[in-house]
There are 2 protein chains.
Amino acid sequence: MTGLHNSVLQEPREPSIASIDLDIEAPSAAANAVAVEIGLNAAIVSMIADEPQILTVCPAGPRTVKQAPALPFGLFTPLKHRTLEIGLRDWVKGQTGLDLGYVEQLYTFGDRGRHARLGGDSLHVVSIGYLALTRTEDTPLAAGVGWSDWYEHFPWEDWRDGKPPILSQEIEPRLTEWASRPEPPGTPRRPLARMDRLRMSFGLSVPWDDERVLERYEVLYEAGLVAEAARDGRSAAQDWAALPALGRPMMFDHRRILATAMSRLRGKLKYRPLIFELMPETFTLFDLQRVVEAILGSYLHKQNFRRLVENAGLVEPAGGVAARTGGRPARVYRFRRNVLLERPAPGFRVKVHNVARPA
Amino acid sequence: MTGLHNSVLQEPREPSIASIDLDIEAPSAAANAVAVEIGLNAAIVSMIADEPQILTVCPAGPRTVKQAPALPFGLFTPLKHRTLEIGLRDWVKGQTGLDLGYVEQLYTFGDRGRHARLGGDSLHVVSIGYLALTRTEDTPLAAGVGWSDWYEHFPWEDWRDGKPPILSQEIEPRLTEWASRPEPPGTPRRPLARMDRLRMSFGLSVPWDDERVLERYEVLYEAGLVAEAARDGRSAAQDWAALPALGRPMMFDHRRILATAMSRLRGKLKYRPLIFELMPETFTLFDLQRVVEAILGSYLHKQNFRRLVENAGLVEPAGGVAARTGGRPARVYRFRRNVLLERPAPGFRVKVHNVARPA
DNA sequence: TCAAAAGTGTTATCCTTACACCCATGT
DNA sequence: ACATGGGTGTAAGGATAACACTTTTGA
């Protein structure tokens, strides 16, 4: 028996979630019903000013401290909606005013954290996370709905200006300390020790992997270094108020869902032409590069990016040039849809740079 | 607006499911409850005699015609089980006697097909599919539980002896006919035409892709060529009894879950060392190759496979040799667990052959 | 004339693929 | 002897990464 369970093998393209769940204590036994409510949650991504944004709502309710934003969410009502995805689209439309285009399911989470329930009751909710991609449209958003830069929630994921200082200054020292402490008694057997997980996910033993967003969030959660962990009753020993917040927290397990969405998007970019769901009809190659870079959180080599895109057959000239600020006008391209029929796995098989912009 | 939604972009590593759902008519409106039952379903894979097998159960109930096998399944009871995965493990243990090792979530399905409900009632069930890998152990299985060769359910997926005849003889002609017919009225807009989907998934315009198991099953389902489609009330126009069965059907949507599991396993093999969950503690390189080949459904080049495995750092000599039938005794290896800490994406980046065994 | 960005060419390197061939054992 | 599978060497080809350099615009 090799003993390789769960989270070790999951990343980067198929994230593990269960690892956190296993540490939460059982709910106080009460009623006997097996019925469960299904929460649908959407991480809706759009590009605004070359930065990836996600749609957030501020649900009404008792405003304890400063309210953390939430993803658009709602309950699945099977009698009203034939399928989960139709229900999701309907909820999002009603809650935000937005019509979703591309939608894909991410993961189904079994527990949202005991202390974070909507009404404080003990009703069980299973939440299904979705990723949606949309172009920023002129659709007016409902009140309380807005866009939120995803790197505000994950500042350690943006390497476009070199390694984020928060990693060396805040995260690495405290995670190293956490990893050097022994596991508390009663912890389920893990396939990897704390230190190994830290080294893998934060690029200490392997190069930093842009796709391991979820793994990193889970480590931070377990170490009690994100606000959600304290809120969920983990890391009671931590003097939470004394610590600087690592990224902006969100309601429920929504930051975990966002981490899942970022992992999926970053991973899938490399073998599916998802990116064009975020692009306007026509664009220049450098427009495209900036969007890819913003999603991946790192800079790419310009000349090689051009060639990659061109001889992967991903785009075709749309005719005409774009007059841009400074510099020679660029040719305008559009997505070449036929690539789907011609190539087995069309995408941006790029090498990331993880240093400040290369020459 | 490029109009690229859903299923086009999903394969091969992140399968789309929603496409089928969209075609099923709404359930007869009845009660008003929003509570939904959560079904947990496990595709449990093991190798027996170098063939991949899945665990099936024959649930008790009215035996109309010959009963199709089911995956082990059960309802999630949140008051008894803290997490979805714990619930799954418990159900499987009770139903089959098996202790699961490696488990990962696949997908959450919103509708199991109206005509295929357990008691015939209209209760809504959301089913969550899981993939589990296990070594065949001496654990005695409960009554009615057994192993089933997965290529019996998907005979067109095994290319180890060249292209399966069922493709040229049965599937391609009928799918071509289906693709040439116009979409029925009322069909939701699809990003790709029938013919394009057929060409992509069945290797007519791109090389056959071993990972697109689910895409292929979905096309067959929509074309009404698998028994489940007729059972679910699709393809009423087909004279079903006159057609030879394309693969052994399963209960509910379990063959769809199995297809998802096969897609995931075949895809993930290439960048995660999942395979070793199916291997004994020690093995020869050829043992390993045969298991990989059985999962992928195609032969690999022997010499290159050896080198790939060795200098990917996936294995290390365990000492000793295996006395085997015919031929020189082979060195015995074991999984090298440290590879997880050293390589970003350790796996079998093999090129499949899709012809009879290469020299 | 300079800055800024577009766009092209070329090489060195690595990895993959394919092929050739030898080794050790049982019958 | 020969069949069978174990195991090694190497060369051709393709993809990638890095670098140098030219072109076209606006200020």
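All chains are named by letter (A, B, ...) in the order of the sequence lines, taking the proteins before the strands, and each is independently numbered beginning at 1.
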Expressed in angstrom and rounded to an integer, what is the separation of [X] atom [atom1] from [N] atom [atom2]?
| X | N | atom1 | atom2 | answer |
| --- | --- | --- | --- | --- |
| A:Phe283 | C:dA5 | CZ | P | 20 Å |
| B:Glu293 | D:dG5 | CD | P | 12 Å |
| A:Asn311 | C:dT8 | CG | P | 12 Å |
| A:His301 | C:dA12 | NE2 | P | 16 Å |
| B:Asp287 | D:dG5 | CG | P | 12 Å |
| A:Arg290 | C:dA4 | CZ | C1' | 12 Å |
| A:Leu308 | C:dG7 | CG | C1' | 16 Å |

Checking [X] now: which residues fulfil salt bridge (Lys or Arg N to Asp or Glu O under 4.0 Å) with it, not counting sequence neighbours?
| X | answer |
| --- | --- |
| A:Glu310 | none |
| A:Arg336 | A:Glu342 |
| B:Asp158 | B:Arg160 |

I'd like a list of close polar pairs between nucleotides 7-14 of chain D and the protein, N/O only, cut-off under 3.5 Å.
from  : atom 1 : to       : atom 2 : distance (Å)
D:dG7 : OP1    : B:Arg331 : N      : 2.9
D:dG7 : OP2    : B:Arg306 : NH2    : 2.9
D:dG7 : O5'    : B:Arg306 : NH2    : 3.1
D:dG9 : N7     : B:Arg307 : NH1    : 3.0
D:dG9 : O6     : B:Arg307 : NH2    : 2.7

Item checked: Residues that A:Arg266 engages under side-chain hydrogen bond (donor to acceptor under 3.5 Å, both in side chains), provided they are two or more places apart -> A:Tyr151, A:Glu157
Next item on the list: Report the residues that fulfil ring-ring contact (aromatic ring centres under 6.0 Å, His included) with B:Trp156, sequence neighbours left out, ordered by chain and then residue number.
Entry: B:Phe154
Item checked: B:Glu215 and B:Arg197 ion-paired at < 4.0 Å -> no
